[in-house]
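To start, the structure itself, in structure tokens.
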Amino acid sequence: MPSHDVIVIGAGLVGSAIALRLAQEGLRVALLEKNAPGHEASWAGAGMLSPAPDTSASIPLVPFSRASLSLYPQFIAEIEDISGRRTGYRTEGAIELLFSADAERELSTLIALHHALGLPTEPLPLDEAIKMEPEITRRARAAAYFPYEACVDNRALIEALLAAASSSGVELFPDTTARQIMIEHGRCTGVRTENGSLFEARDVIVAAGAFSRFLEGIVPRLATRPIRGQMVALRSQQPISHVIRCERGYIVPRDAAVPPQAIIATASC
Ligand SMILES: Cc1cc2nc3c(=O)[nH]c(=O)nc-3n(C[C@H](O)[C@H](O)[C@H](O)COP(=O)(O)OP(=O)(O)OC[C@H]3O[C@@H](n4cnc5c(N)ncnc54)[C@H](O)[C@@H]3O)c2cc1C
């Protein structure tokens, strides 16, 4: 009899959340991670929880993102409760600044698109935006407010999630690289690791993020690939409370009370 019911490959936010749920259903779960758990994209991210599409290609994902966002308050409460850790979850919303000469028209298009997608984004007069965030530049020509958006300290969340998964019975295997999904008679039977050991299970879930396509034994239906992003952690004189973004980047508030970080904001370009 296999030692586990399910093997999850990849201990990022996605794999850890799946592993936790399966363990809560009473399944014996092995979570394989090639590096330190939680230290890839889930560590690098900014933690914005935004269902708003950032390109036209992401418009079809909006209903899925809205559904996901609506589950977050309960998910966060549960993870904080099981792990005894805080995750820096905040619900103040986001402000987007527009700088182009055509900013007012751009704003109308944005609001119309968002309303059609069921997103209650609002035009935000610039003097109101400055009251909400006194440090924002006076060079913006228009602004929009996304009151429904949230953000989370993703590093605190992944650490809390891993702790919750562990205490719920998930067996975590760090420094364990899955190389190949084993298949017999058209049915998956387990995972062979880079050092040759075999994990047997009836079911295998691939949650290796951008690296998923490199596993042997699966047809890479989605051509995932890693792309580069850059983040800067800043301590500001005047802490911000909203996510602030524009076409060229974003700033995300961090709760300095959440250990182990003393980061007030992160930015990306
Ligand atoms: C700079 C940056 C900013 C971002 N900002 C945001 C944001 O503001 N909001 C947002 O929603 N998203 C953001 N994202 C995206 C978000 O971080 C990812 O969508 C999310 O973390 C993906 O989680 P994951 O578990 O799928 O992937 P990962 O966290 O990458 O986890 C996959 C895990 O699988 C492991 N793995 C890979 N191959 C193997 C193998 N063969 N065997 C065992 N383990 C393996 C990896 O080591 C890794 O730990 C950002 C990403 C980046 C890089």
Side-chain angles (χ1 to χ4, degrees), residues 7-21 30-55 58 61-62 64-69 71-72 75-76 87-90 94 96 146 149-159 161-162 165 171-182 190-199 204-218 220 222 224-233 242-245 249-254 263 265-269:
I7 296 164
V8 179
I9 302 174
L13 283 168
V14 173
S16 306
I18 292 171
L20 169 66
R21 284 288 181 251
L31 179 56
L32 312 189
E33 170 52 51
K34 74 172 175 180
N35 297 317
H39 276 250
E40 287 293 341
S42 300
W43 195 258
M48 288 183 291
L49 302 174
S50 170
D54 51 0
T55 63
S58 55
L61 294 176
V62 170
F64 181 65
S65 307
R66 285 177 58 197
S68 172
L69 184 65
L71 296 173
Y72 248 89
F75 174 64
I76 291 289
T87 61
Y89 177 62
R90 313 169 64 120
E96 184 158 329
F146 304 63
E149 285 199 12
C151 65
V152 69
D153 183 332
N154 42 294
R155 294 183 179 191
L157 175 58
I158 184 65
E159 288 189 332
L161 190 50
L162 286 163
E171 213 178 331
L172 179 60
F173 295 86
D175 303 315
T176 303
T177 304
R179 184 168 60 81
Q180 185 182 12
I181 311 236
M182 308 304 292
V191 172
R192 173 88 58 199
T193 67
E194 206 62 71
N195 70 7
S197 44
L198 182 65
F199 284 79
V204 174
I205 293 173
V206 177
F211 308 94
S212 296
R213 69 183 299 196
F214 301 117
L215 283 160
E216 294 170 30
I218 50 165
L222 285 175
T224 55
R225 67 188 166 90
I227 57 166
R228 187 187 170 89
Q230 297 187 29
M231 307 288 290
V232 179
H242 303 83
V243 170
I244 304 172
R245 53 177 184 250
Y250 44 81
I251 304 175
V252 183
R254 284 285 188 266
I263 292 171
T266 56
S268 168
C269 305

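Every number for a ligand or one of its atoms is a count from 1 in the order of the listing. Side chains are part of it too, since the values below use all heavy atoms of this structure and drop only hydrogens, waters and symmetry mates. Not measured: the values here are computed from a predicted model.
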Backbone or side chain, does any N or O of [X] fall under 3.5 Å from an N or O of ligand 1?
X    : result
A41  : yes
T177 : no
L13  : yes
V14  : yes
S42  : yes
A46  : yes
A44  : no
A36  : no
E40  : no
G47  : yes

Which atoms of ligand 1 are found less than 4.0 Å from any heavy atom of [X]?
X    : value
L32  : 43 (C), 44 (N)
G209 : 26 (O), 27 (O), 32 (C)
A178 : 40 (C), 41 (N), 42 (N), 43 (C)
I9   : 40 (C), 42 (N), 43 (C)
F211 : 37 (C), 38 (N)
A207 : 32 (C), 34 (O)
N35  : 47 (O)

What is the ring orientation for Y89 with Y72, classed by angle as parallel under 30°, tilted 30 to 60°, or perpendicular over 60°?
parallel

Can you say whether the rings of F211 and F214 are parallel (under 30°), tilted (30 to 60°) or perpendicular (over 60°)?
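Tilted: the ring planes of F211 and F214 meet at 30° to 60°.
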
The single option from L162, L157, V8 passing side chain to side chain contact (heavy atoms under 4.5 Å, CB included) against S16:
L162

Run the contact test for V252 against ligand 1 with a 4.0 Å cut-off on heavy atoms, strictly below, and give the result.
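Heavy atoms of V252 never come under 4.0 Å of ligand 1.
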
If you measure from each heavy atom of Y250 to ligand 1, is any distance below 4.0 Å?
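Judged by the 4.0 Å heavy-atom criterion, Y250 does count as contacting ligand 1.
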
Starting at [atom1] of [X], measure out to [atom2] of [Y] and round the result to the nearest 0.5 Å.
X    : Y    : atom1 : atom2 : value
T87  : I158 : OG1   : CD1   : 12.0 Å
N154 : L161 : CG    : CG    : 12.0 Å
R192 : L215 : CZ    : CG    : 14.5 Å
K34  : H39  : NZ    : NE2   : 14.5 Å

The option among H39, M231, M48, K34 carrying the non-hydrogen atom nearest to atom 39 (C) of ligand 1 is K34

Only heavy atoms count here, so choose which of E216, Q180, E33 is nearest to atom 46 (C) of ligand 1.
E33

